[in-house]
Structure formats: structure tokens, C-alpha cells
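Quick notes on the structure that follows.
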There are 2 protein chains.
Amino acid sequence: MPKLSSAAIRERKDVIEDAARELFIKQGFHATSMRDISKRAEVSLGNLYNYYTTKDSIFESIIDRYLTVIDEVLRAIFAEIDEPLEPSNLRKLGESVGRLVNGHSDFWLLMYIDVLEFQNRHFRKMFDGITDRFRKIFGERFTEAEKRGDLRTGVDAAPVFTAAYMQFFNYFLVEKLFGGNQHLGLNDDQALNCLTKIFAYGTLSDKAMAQFKKTANRSMVG
Amino acid sequence: MPKLSSAAIRERKDVIEDAARELFIKQGFHATSMRDISKRAEVSLGNLYNYYTTKDSIFESIIDRYLTVIDEVLRAIFAEIDEPLEPSNLRKLGESVGRLVNGHSDFWLLMYIDVLEFQNRHFRKMFDGITDRFRKIFGERFTEAEKRGDLRTGVDAAPVFTAAYMQFFNYFLVEKLFGGNQHLGLNDDQALNCLTKIFAYGTLSDKAMAQFKKTANRSMVG
DNA sequence: GAATAAAAAACGGACGTTCATTTTTATTTA
DNA sequence: TAAATAAAAATGAACGTCCGTTTTTTATTC
């Protein structure tokens, strides 16, 4: 038999990785055996080792491919944001993150597997230096907004945007994977509004703001 | 040999559970064998089964005991908050959550194990109806603040407080378990300030606020 | 010596991986 | 075009190890 075309190989690997991913997600990495994978992928046990050297490498291959998909989705999400801290854009970010979390919830389960079984070796890059990355993507918009005086004095846009991004992420992850079922006491739509408003306008009235700032703001610089 | 006192039994179980917890955290539940546990606890393999019926039940026992500890810590944290949305109190909440996460990071790893291997069966209660619980704890303070006019119009204190609590939690978890290393581009102290300010004052200047509200606020009620 | 705890041995089964063998199929040959 | 070829792909039994649990044996205390 001549060598399979690389497209054919990729096809077969896709079948295997799809099966493995479904199993890893349903029952964890260590609880999934190579036999389980071979059965679900309808590939013989031994043949798995023609495509992967070890069980670990199947996991790594899944992650690698998935990371590039998520990367693309995120790039698309950020691409359609032209005014990062403007409320309606912020809300749109939240909606996009919601779709990302709900549409790829298996991916985030893989991340938890990675945290537990590989000390998050494969996913570290998702959060490492994330604020700097946002600064690179939106740096111009951030400084423009600052120049226009859109931002409260002392507010650095980059960590704020990161915080908003993380907040949306966490909200949907808790809802999807941790059994939050409306843990904010609101439906998704209302929750998005609530979170967006917080980031844009805060929660205190002007009166309370002035009052609190007067008494307790000496230690709050930064 | 006379029956061990229940205190002595508890002592031996503690040794076993400490060992098991350390191993579960370091290498996951399925990757940890009963032999591993017996070795680390310096208890014979067979003897483990005099204290627990199954490996699962060791995990459950660890969770049960830990949940009560965390519950007490949380109760103490909330007890010393007298003005939930006042900035310095909010920051204090963040500091407490930080200590909770960093001081008991193993507990949160167990939660991820639970998500992956037990569909979060044991931890669901941590997030389910959390906003209602805050409403019960702080309900009076919330309405008082509202009456005083401390809150921006349309702001419901309970979900906001929940969101702040979750945000702090998520921040420290990412830092501790996901390799965030200063993912907001700030040290912990600065990050707490930043997050607190967001929740209290928002990020937009009064000028931008007025402008954005005028154009895009029709769809943002809730 | 009766009762209990602890330790050790044993069990059947499942694990990740290897490997000798069989099957497949693109290319070469007729 | 059809048969032959040869290299790659696919197979599944087998290997040694480790698994969770059970059973048996030994030690300890009254």
C-alpha cells in the first residue's frame, strides 16, 4: 500500500480525535482508555499507534487543533469591536463570548483536564500576558478614547477591557459547566446588560460616589 | 483490640484524607491509586477499606469536610462586611476572596475534578442560587443603600454584589491555577483597586457616559 | 481467648503499548 | 485494461504492569 495522502491521514486523525475528545470530555482523560477510543473511532487498537505515539499525544493533538480554532474565533470577535469600552460594543463582546463558551464548551472542559492532569501546560498561553495582547490589538483605540476624555481619570483601558472579557467568560462558564443556572438571578440577556452597565457606569450614584471618594480614596490609587 | 474511639477513627481518617487530597490535587482522581494513598498515608492498602467502602467515598468525604470549612470561611468574610457596595468594603471582600483562593487552592482543584468526573455533583450548591443567598445575607443593607440613594438608578444590588464576588474569585483562580501571572498586567494590590473601582465608579467619564446613554440606551434596560 | 485493627496476600480485570501477521491499494508491469 | 507487486495500513492477540477490591492472616489490646 502506498503512503496515504496527507489529506487522507488528516481525515483519519480527525475521526480518532473526535472520538477521543468526546470521551475525554465525558469521562476525563485517565478514565478514557485507548480501547474506548479505538472502539468509538472504529479503528483497531493497534492502529491508533500508527497515528499517535502515545495516549498523551492524542490529547495534545486535540488541544493544538482546537487552540487554533478558538484563536480564529477570538480574532473575529475582536475584529468587529471598533470602540472597546463603548457600552454597546462591550455588550456585543459579552454576546460573542457567550456563543464561544456555549458553542465550544468541550474545549473548556479540556482546559480543566489540562489544569488537573498537565498543570495547565497546554493552555497557559491563553491567559499569560493577555492584557498586553489587548493593548496590542486595541492600543490605538485605547489612546484615542483617552484623548477624547471618554475615560474616567486614572482608568487604564487595557486591564479594564481584560477584566470585562474575563467577567463575561466566567459568567458563561459558571452557567454552562458549574450548574450556575442563572446564578446572577437573571437570564443571560439581563445578565449581559447588568455586567455591561457595571463596567461602563459603575453602580454608585453620583452622590454616593462623591461621598465615598472623599472619605476612603487615599489608599485606592492605582 | 478494643474498638477505637470515634475521635481516634476521625484522626486516622484525617491522615488518609490528607494524603488522598494531596494526591488528587497533584495528579487527578483517576491517576491516583489506592496504593498511592495507602503509601502516602502510611496505612496498609487493605486497611483503607476498614475506613472507606470505595475510592469514590474517600473523595466524597474530603469534599464534604472541605465544604463545611469553606462555608465557615465565607460566612466570616461576609460577616465583616457592613456596607456591601461601599468601595473599601468591596476591596476588603476582594482581599478576603484572594486569601480564600490562595489558602485553599486545593479545594478549587477538587471542584474541577468534580466538574470533570462527577458532573459537578458535589459542588453545584456553591453557585446555585447564590444571588438569592446574598439577598438573604445583605437584603437589609441593600434596601438601606437604595433608600439612601447610594445606587445608580436601575441598579439591583444583589446581582452586582454577586458579580463582584465572582470577579474577584475568577481573578485569583486564574492567577493561581491557570498560570495567569498578573494577567491584568497589574500586581494583586493594583488589580484589586482596579476591579473595585470598576464596580463602584465604572470606567466612563461623565461626558462619555451622557453621550453613550443618549445614543444607545434604549435596548439596555434590565 | 475473644474482639478488633492492621497488614499482607490474592483476585479478576483493565491498562498502555508492542508486534507478528493479515489486509489493503496505488503503482508498475504485461 | 487487468494482473502482479510491494510497501504501507490495519489488525488483534499478547505482554507486563497496575488497578480497585476482597479475603486471609497476623498483631494488638482488654
Side-chain angles (χ1 to χ4, degrees), chain A residues 1-63 110 113-114 116-118 121-122, chain B residues 1-63 110 113-114 116-118:
Chain A
M1 202 184 204
K3 222 174 166 43
L4 291 176
S5 70
S6 64
I9 290 180
R10 186 64 258 167
E11 230 171 73
R12 283 162 169 69
K13 290 185 102 173
D14 279 350
V15 172
I16 294 170
E17 289 175 23
D18 283 352
R21 199 190 59 241
E22 288 163 22
L23 289 166
F24 289 159
I25 287 155
K26 207 196 307 187
Q27 56 197 37
F29 177 78
H30 272 102
T32 300
S33 70
M34 291 297 271
R35 283 162 185 79
D36 291 342
I37 297 170
S38 83
K39 234 171 270 173
R40 181 174 274 247
E42 294 181 308
V43 167
S44 72
L45 178 58
N47 199 21
L48 289 178
Y49 287 87
N50 291 327
Y51 293 94
Y52 305 93
T53 58
T54 61
K55 186 182 163 191
D56 278 21
S57 78
I58 297 182
F59 181 76
E60 281 165 11
S61 188
I62 292 171
I63 303 258
L110 291 176
I113 293 176
D114 195 44
L116 285 170
E117 319 220 20
F118 299 95
R121 196 189 323 143
H122 309 92
Chain B
M1 208 179 209
K3 219 172 164 48
L4 290 176
S5 69
S6 65
I9 290 180
R10 188 62 257 169
E11 230 170 75
R12 282 161 169 71
K13 289 185 102 172
D14 279 350
V15 172
I16 294 170
E17 289 174 24
D18 282 352
R21 199 191 59 240
E22 289 164 22
L23 289 165
F24 289 159
I25 287 155
K26 208 197 306 191
Q27 57 196 37
F29 177 78
H30 271 103
T32 299
S33 70
M34 291 298 270
R35 283 162 185 81
D36 290 342
I37 298 171
S38 82
K39 234 170 269 174
R40 180 175 276 248
E42 295 181 306
V43 167
S44 73
L45 176 60
N47 198 21
L48 288 178
Y49 287 87
N50 291 328
Y51 293 95
Y52 304 92
T53 59
T54 62
K55 187 182 163 189
D56 278 21
S57 77
I58 297 182
F59 181 77
E60 280 164 12
S61 188
I62 291 171
I63 304 258
L110 290 176
I113 294 176
D114 195 43
L116 285 170
E117 319 220 20
F118 301 94

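Between C:dT17, C:dA6, D:dG12, one nucleotide has an atom nearer to the side chain of A:T54 than all others, and that is C:dT17. Checked against C:dA10, D:dA9, C:dC15, the side chain of A:D36 finds its nearest nucleotide in C:dC15.
If you measure from atom CG of B:N47 to atom C1' of D:dT26, you get 13 Å, rounded to the nearest angstrom. Between A:I9 atom CD1 and D:dA10 atom P the separation is 9 Å, expressed in whole Å. One can place CG of B:L48 at 13 Å from P of D:dT22, the figure rounded to the nearest angstrom.
The aromatic rings of A:F59 and A:F29 sit perpendicular, their planes meeting at an angle over 60°, well past the 30° parallel limit.
Put simply, B:R12 has a side-chain N or O that comes within less than 4.0 Å of OP1 or OP2 on C:dA6. The side chain of A:S44 contributes no N or O atom lying less than 4.0 Å from OP1 or OP2 of D:dA10. Under 4.0 angstrom from either OP1 or OP2 of C:dC15 there lies at least one side-chain N or O belonging to A:S33.
Counting non-hydrogen atoms under 4.0 angstrom, A:Y51 reaches the backbone sugars and phosphates but no base. Contacts of A:S38 with the nucleic acid, taken as non-hydrogen atoms under 4.0 Å apart, are absent.
For the pair A:L45 and B:R35, nearest-nucleotide mapping onto DNA chain C gives the more 5' position to B:R35. Each of A:G46 and A:A31 was assigned the nucleotide of DNA chain C with the nearest heavy atom; the assignment lying further toward the 5' end belongs to A:A31.
A cation-pi contact, defined as under 6.0 Å to the ring centre and within 45° of the axis, is absent between B:K55 and B:Y49.
Of the candidates B:T53, B:N47, B:L48, B:Y51 forms a side chain to side chain contact (heavy atoms under 4.5 Å, CB included) with just one, namely B:N47.
Between the side chain of A:D14 and the backbone N or O of A:E11 there is no donor-acceptor pair closer than 3.5 Å.
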